[in-house]
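Presented below is the structure to which this report refers.
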Amino acid sequence: MTRFVVAMLAAAAMTAGAAPASAAAQCAARADIIKALGDKFHETEAGRGLINPNVVLEIFVSEQGSWTVLASDTKGQSCVLSVGEGWDSPTITAAMPGA
């Protein structure tokens with residue numbers, strides 16, 4: 001729970017004054033969120049997948065097991081969808097459609 005609050009406060013600080021607090025409190029420029037995830041939680045990208053042609057779902061994970069799920073658009077904006085702890089990453093092989 002503490003990690004969730006810290007992540008939401010960090011995202012809110014990055015977007016202060018940029019948009020209404022209800023939705024924008026968890027959104028910011030992708031580069032800013034990625035930097036904060038690395039600096040504060042030592043998280044790096046573990047995987048990604050397309051939601052639609054304009055939005056990518058990204059998962060960031062640390063060696064300590066913390067994780068963050070982002071939705072990033074083609075304009076460089078990202079929103080934190082979820083955060084947590086205790087990430088376990090079994091090997092998964094995925095095929096692209098038509099492969």
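Every value quoted in this text rests on a predicted model; they were computed, and no experiment measured them.
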Could you walk me through whether L70 and L37 pass the side-chain contact (heavy atoms from CB on, under 4.5 Å) check? CA-CA 11 Å; L70 300 180; L37 291 176; 4.2 Å; yes

Separation between OG1 (T44) and CD1 (I59), nearest 0.5 Å, reads 12.0 Å

Rounded to the nearest 0.5 Å, what separates atom NZ in K35 from atom NZ in K40?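 Between K35 NZ and K40 NZ, I get 9.5 Å after rounding to 0.5 Å.
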
F41, W87, F60 screened by side chain to side chain contact (heavy atoms under 4.5 Å, CB included) with W67, the one that passes: W87

Can a donor-acceptor pair be found, under 3.5 Å and without considering hydrogens, that links the side chain of D73 to the backbone of G76? yes

Are L57 and L81 packed together at the side-chain level, in the sense that at least one heavy-atom pair is separated by less than 4.5 angstrom?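 In contact.
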
Taking all non-hydrogen atoms of both residues, which atom of Q77 and which atom of A29 are closest, and how far apart?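 Taking Q77 first and A29 second, the nearest heavy atoms are OE1-N, 3.9 Å.
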
Looking only at heavy atoms, what is the nearest atom pair of S78 and I33, with distance?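 Closest approach of S78 to I33: O-CD1, 3.4 Å.
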
Hey, mind stepping through T74 and N54 against side-chain contact (heavy atoms from CB on, under 4.5 Å) and telling me if it holds? CA-CA 6 Å; T74 56; N54 298 313; 4.2 Å; yes

E58/E45 under side-chain contact (heavy atoms from CB on, under 4.5 Å): CA gap, chis, key distance, verdict: CA-CA 7 Å; E58 299 177 282; E45 188 175 28; 3.3 Å; yes

Go through L50 and V56 one step at a time and tell me if the side-chain contact (heavy atoms from CB on, under 4.5 Å) criterion holds. CA-CA 5 Å; L50 288 176; V56 174; 3.8 Å; yes

